[in-house]
Amino acid sequence: MLDRYARLVTRSPWRTIAVIALITAAMLPGVAMTTEEPDAIASFVPDGSDLAYAIDQLEDRFSTSGNFVSAQIVVRGDATSPDAIREVIARSSMALAQPEVAPFVPQSGESPAFSYAHLIVRLAEVPPGQLTTEDVARVLALDPSDDPRAAQFDLLLGERAGIGQIRLLRIDHPEMEVSDALLAVDDVIQAGDYGPGTSARTLSPARFQEGAQQALADGAVLFPMALVVMVIVLLVLFRSAIDTVITIIGVILTALWQIGLSGYLGPEGLDKINGITPISIIVPVLLVGLTVDYSLQVVSRRREELDAEPQQATRRAVAVTGAAIGLGALTTALSFLTNLASPMSPIRDFGILASIGIIAGFFIMTSLVPAARILGDRRRQKRGRVLRTRPVIDSVPGVRHLLGPTVARCARHPKLTLLAVAALAGAAVAGGINVDTEFKEDEFLPEDSEVVQDIRLAREEVSGLSTTITGVVITDLEDPAAAKALVALEDRLRGPGPGSGRSVPSDLEQPEHVVGVGGVTLVSLAAETVPNARAVLTQGSSDDLAQLYRMVSVAAPDEFAKVASLSESSGNDVTIIPIQAHFGSDSDARDLYNASGDLWADDAPGNFTVTGAQINPGVATNAVARSQTTATFITVLTALALLTAYFWRAHRRPLLGVITVAPIVVVLMLLLGLMWVLGINYNALTALLTSLTIGIGVDYTIHFTHRYLHDRKQGMPVFEALTSTANTVGGALFGSATTTALGFIVLAFAPLLVVSQLGILIAITGILSMMAAAIILPSLLVLTERRGARPIH
């Protein structure tokens with residue numbers, strides 16, 4: 001089959017190039033159809049989870065009230081000066097009165113603006129305009145045992161910062177977006193005069209999205225940077241301008257095909273994948289690092305063919321290397337496609353885009369490069385010049401003298417080599433178990449952005465941020481047990497302080513990280529509009545509850561629609577509770593989400609969960625850890641099954657499939673240990689390292705094994721075949737490791753920390769994979785030969 005493919009692409013070089021040009025032209029409209037994902041962080045919510053279901057219910061049931069979104073006020077400098085306090089209060093009121101903001105302001109319940117400044121004025125019991133330095137000092141000296149409200153200062157005030165929030169509703173509005181409202185709030189807050197050396201900004205999902213969009217824009221330079229680096233590296237390896245130019249053109253065409261197909265599959269096309277996310281920006285760079293390897297293999301093998309006729313020599317090069325390249329490309333693509341098992345759409349989309357690019361790169365590099373090489377060689381012959389035959393391994397001095405002896409030494413002492421590797425891998429796994437899985441949202445924003453600075457200031461000064469999240473109860477509200485559980489839940493969320501609304505003492509403690517209830521709820525609305533409502537909720541029958549809800553909906557129809565949605569389907573009623581929470585870290589949000597289910601009574605139907613801009617990313621991290629653990633096994637088993645089937649079918653040696661995958665599993669273990677040493681978190685992006693390691697590394701071992709078997713078929717003894725392999729395909733593998741490492745190291749300059757970390761890890765992956773092919777694989781091959789009772793020479 002590969003012989004036929006080789007003849008097809010080399011028979012008429014101009015026709016091959018024309019076909020590639022036509023396909024490229026067809027991809028250009030798809031490039032114009034690519035769009036950005038409007039909410040990159042929210043897209044990481046795991047499909048099928050309680051959280052995803054709760055979000056869907058909010059969107060379906062409360063389109064006119066939605067859930068809550070907060071603009072966090074961060075005042076830096078002398079936040080407790082009377083001038084700063086007055087300005088915070090005044091600016092908060094001005095922000096709420098802005099035309100872009102007013103439609104999203106909650107119309108009932110507590111004031112949507114609250115901060116350390118509002119608390120100081122309340123405790124001082126004087127108008128803001130009359131506040132003095134002495135009043136502030138007196139308030140800050142209050143003991144929480146004298147006034148429990150003073151305890152909130154620990155959550156709102158630090159030595160160099162003061163914190164607050166403006167709470168809005170995330171609703172559908174025909175003319176305005178809540179993101180515009182949040183940015184308008186930020187403009188008003190930033191414009192304030194807070195005194196010498198003091199300023200204020202806000203943190204909000206809108207500003208996070210601005211940061212993500214900035215990252216996408218800044219990340220656009222990564223691909224050109226990778227190309228520049230690749231040109232330099234290829235000029236050194238090829239020592240040929242024409243081979244370098246052909247390869248770079250192939251890389252650009254591969255990226256165009258991938259982007260074009262992503263546009264056709266995206267929201268503006270077939271709507272099978274989402275828009276571009278920060279993860280998507282690494283795909284073109286990934287293709288630079290991987291598809292260049294295919295060209296290296298073809299060119300390297302072509303230079304071994306000393307036949308004077310370019311077409312025949314190139315055809316043989318494609319036929320011989322095509323099996324290894326095709327097998328590597330297929331294994332890599334399938335490794336990436338295992339990400340389809342992820343519950344998060346950005347990771348699934350990454351798997352699709354990367355696999356599309358890999359397959360496109362295979363066809364382009366095994367057709368364009370040979371076709372162009374034939375034309376170039378024919379032109380060179382007409383001019384009477386000698387064809388290039390210099391092996392790639394000799395392009396860098398010392399490589400031949402390093403690879404050959406290394407392979408030979410490991411092959412002569414296979415057991416000792418593998419024992420040392422096993423000890424190192426075991427130590428790496430022991431460290432890798434301790435890799436942190438905490439989601440840090442600032443890692444997904446440009447390192448030098450104001451948003452990141454404010455997040456870190458809040459963590460340092462007040463151990464995090466206070467925010468409003470949404471509690472979602474999905475149950476049969478007419479069930480007496482559910483109604484009673486709802487009251488108990490709200491009492492527990494409100495805590496034991498003043499205004500808790502409890503009719504009887506409760507021994508239930510307020511959940512950790514919860515400060516209180518931040519607005520109107522079904523229980524509080526019922527208590528305000530219907531006499532003895534709490535008694536009905538805790539003791540009434542189903543008929544009593546149905547009548548109560550009718551009375552509340554008649555007395556306050558607008559407010560009722562904003563907090564409850566009753567359904568004719570039993571068990572499908574929904575009510576929401578705005579919850580004031582304080583998160584010292586993103587793991588706090590995850591902990592609260594995990595504990596939310598336990599807050600709902602076991603004997604009551606339905607469930608309770610929490611959602612919000614601070615909750616969703618933390619939940620995504622948990623899902624990543626679980627799904628990628630499964631994906632690791634799926635990826636390894638997929639590669640193992642494919643390679644085992646190939647080596648059994650082609651060589652009747654299925655064990656070679658295991659041997660070819662084993663070194664890359666070791667590489668994966670080493671990388672996890674390295675993540676622990678470098679302090680790199682296991683998050684939604686670095687979790688891709690599993691499929692990337694298998695996808696990148698398996699190319700090295702496949703090419704080494706494939707060439708070794710070829711040399712053995714030529715009658716070479718084991719050690720001679722291993723040395724020959726090191727001196728021939730080893731040069732291409734060294735070139736591949738170099739291009740992979742230098743191509744991906746460009747990501748170290750990415751504006752996002754997680755992308756930068758991933759780039760460094762992938763660069764190391766290329767180097768480790770080459771070392772695994774030169775150290776572990778020869779040892780395993782020798783032991784396999786001994787096991788098969790074959791003579792060792």
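Residue numbers run from 1 in the order of the sequence given.
Without hydrogens or angle criteria, Asp243 side chain to Ser240 main chain gives no donor-acceptor distance under 3.5 Å. No donor-acceptor distance shorter than 3.5 angstrom exists from the side chain of Thr739 to the backbone of Val292, with no hydrogens or angles considered. In this structure, Thr644 contributes its side chain and Ala641 its backbone to no donor-acceptor pair below 3.5 Å. Side-chain atoms of Ser724 do not come within 3.5 Å of backbone N or O of Glu720 as any donor-acceptor pair. Judged by distance alone, the side chain of Thr338 and the main-chain N or O of Ser335 form a donor-acceptor pair under 3.5 Å. Under a 3.5 Å cut-off, the side chain of Arg712 and the backbone N or O of Met716 do form a donor-acceptor pair. With Thr291 contributing its side chain and Gly361 its backbone, the two residues share no donor-acceptor pair below 3.5 Å. For the pair Tyr708 (side chain) and His703 (backbone), a donor-acceptor distance under 3.5 Å is absent. Between the Ser355 side chain and the Ile352 main chain, a donor and an acceptor come within less than 3.5 Å of each other. Looking at Ser262, its side chain does come within 3.5 Å of a backbone N or O of Ile259 through a donor-acceptor pair.
Each of Leu334, Thr635, Thr332, Val667 was checked for a side chain to side chain contact (heavy atoms under 4.5 Å, CB included) with Ile694, and the lone residue meeting it is Thr635.
A donor-acceptor contact under 3.5 angstrom links the side chains of Gln311 and Arg378, judged on distance only. Under the 3.5 Å distance criterion, with hydrogens and angles disregarded, a donor-acceptor pair is assigned to the side chains of Tyr5 and Thr366. Side chains of Ser736 and Asp699: a donor-acceptor N/O pair is absent below 3.5 angstrom, by distance only.
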- Task: List the steps and the verdict of side-chain contact (heavy atoms from CB on, under 4.5 Å) for Thr247 and Met365.
- Result: CA-CA 7 Å; Thr247 301; Met365 292 303 187; 4.2 Å; yes

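In this structure, the salt bridge (Lys or Arg N to Asp or Glu O under 4.0 Å) partners of Arg301, at least two apart in sequence or on a different chain, are Glu304, Glu305.
Residues Leu643 and Ile702 form a side-chain contact, since some pair of their non-hydrogen atoms from C-beta on lies under 4.5 Å apart. Looking at heavy atoms from C-beta onward, Thr10 lies out of side-chain contact with Gln312 at the 4.5 angstrom threshold.
The local environment of CE in Met225 is crowded, with over 12 non-hydrogen atoms from other residues, nucleotides or ligands closer than 6.0 Å. The 12-atom threshold is exceeded at OH of Tyr646, counting heavy atoms of other residues, nucleotides or ligands nearer than 6.0 Å.
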